[in-house]
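What follows is a short report on a single structure.
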Amino acid sequence: MFLAGKRALVTGSTSGIGLAIARSLSAEGAQIVLNGFGDEAEIAALCDEMNASHVGADLTTRAGCEELMERAGPVDILVNNAGMQHVSPVQDFPPEKWDAIIALNLTSAFHTTRLAVPHMKEQGWGRVICTASAHSLVASPFKSAYVAAKHGIAGFVKTIALELAQSGVTANCISPGYVWTPLVENQIPDTMKARGMTREQVINDVLLAGQPTKRFSQPEEIGALALFLCREEAQNITGSNYSIDGGWTAQ
Ligand code: NAD
């Protein structure tokens with residue numbers, strides 16, 4: 001239980017990758033603060049399962065981010081994971097979707113990090129982990145806001161890693177390729193429409209086309225890497241961007 005006594009906030013942790021990260025940190029004794037939306041009874045069950053608390057703040061707004069950090073209290077591990085997607089050609093991309101994606105996938109990480117870092121620096125230990133994406137390294141058509149936000153978060157993490165380099169606080173990105181979660185499943189209909197394809201064609205010819213292993217990652221595999229980055233052995237890993245993408249960005 002190497003995380004006993006540590007407090008970890010995982011944004012967007014009521015589902016998918018964030019939930020798997022929260023579970024892996026909880027299994028090593030971290031006190032978890034969950035964030036994200038969903039069915040009240042299901043969230044209560046998650047809190048019971050992990051002996052966690054939950055703050056359902058909307059991270060597309062600065063006020064929501066500030067509310068989250070105030071209610072979470074000082075955290076030793078911050079996982080910036082909440083994210084959303086929208087698939088559309090740039091000329092039809094709804095400006096309000098652009099604003100929401102940049103706000104959630106990029107700007108919320110700035111707000112949570114700026115508010116979490118003082119406590120981490122003061123105690124000389126901390127971990128900031130951001131769930132970026134293969135789209136922090138390469139692009140795909142019809143995902144302009146998402147790719148812009150994910151390239152942005154990769155740069156943000158490098159910057160804060162340098163700022164915190166001698167403080168005992170590390171900052172890293174994890175960049176998954178396609179992981180089987182609701183975020184991926186929900187973009188299938190729009191991709192079918194944007195590309196005029198069937199569901200099977202979208203899965204095989206679009207989603208897994210660039211993933212040489214031809215398999216989706218499982219959320220637990222992302223949780224395992226996040227857990228490793230919290231270990232003492234990872235203290236000199238900072239400013240890195242770890243791909244878990246079945247070889248996608250090796251091409
Ligand atoms: P998901 O849709 O399963 O989960 C998203 C989580 O974010 C949920 O808990 C949801 O309630 C929360 N959320 C949504 N809007 C929010 C808001 N305004 N404020 C606070 N929380 C909000 O998605 P996922 O696939 O688990 O994605 C998690 C992260 O992983 C995202 O940053 C995503 O970009 C990234 N990612 C996912 C994949 C993939 O293939 N699934 C690949 C690469 C990167």
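Please read these numbers as outputs of a predicted model, since none were measured by experiment. FYI, side chains are in, hydrogens and waters are out, and symmetry mates aren't considered; it's all heavy atoms of this structure. Whatever order the structure lists ligands and atoms in, that order sets their numbers, starting from 1.
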(request) Establish, yes or no, whether a centroid distance under 6.0 Å links the rings of Trp248 and His135. (result)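 That pair passes the under 6.0 Å test.
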(request) Report yes if the distance between the aromatic ring centroids of His86 and Phe93 is under 6.0 Å, otherwise no. (result)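 Between Phe93 and His86, which both carry aromatic rings, the centre distance is below 6.0 Å.
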(request) Kindly determine whether Glu232 and Trp125 satisfy side-chain contact (heavy atoms from CB on, under 4.5 Å), including the steps that lead there. (result) CA-CA 10 Å; Glu232 290 314 306; Trp125 195 95; 3.0 Å; yes
(message) Under 4.5 Å side-chain heavy-atom separation, chaining through any Ile, Leu, Val, Met, Phe, Trp or Tyr, what else clusters with Phe142? Say none if it is isolated.
(response)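 Its cluster partners, ordered by chain and number, are Val87.
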(message) Using modelled atom types and a 3.5 Å cut-off, is there a donor and acceptor pairing between side-chain atoms of Asn186 and backbone atoms of Pro182?
(response)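 The answer is yes, because a donor-acceptor pair under 3.5 Å joins these two groups.
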(request) Take atom CD of Glu49 as the centre, draw a 6.0 Å sphere, and report whether it contains more than 12 heavy atoms from other residues, nucleotides or ligands. (result)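 Yes, because the 6.0 Å sphere around CD of Glu49 holds more than 12 heavy atoms from other groups.
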(message) Can you work out which protein residues put a heavy atom within less than 4.0 Å of ligand 1?
(response)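 The 4.0 Å shell around ligand 1 contains Gly12, Ser13, Thr14, Ser15, Gly16, Ile17, Asn35, Gly36, Phe37, Ala57, Asp58, Leu59, Thr60, Asn81, Ala82, Gly83, Leu104, Thr131, Ala132, Ser133, Tyr146, Lys150, Pro176, Gly177, Tyr178, Val179, Thr181, Pro182, Leu183, Val184.
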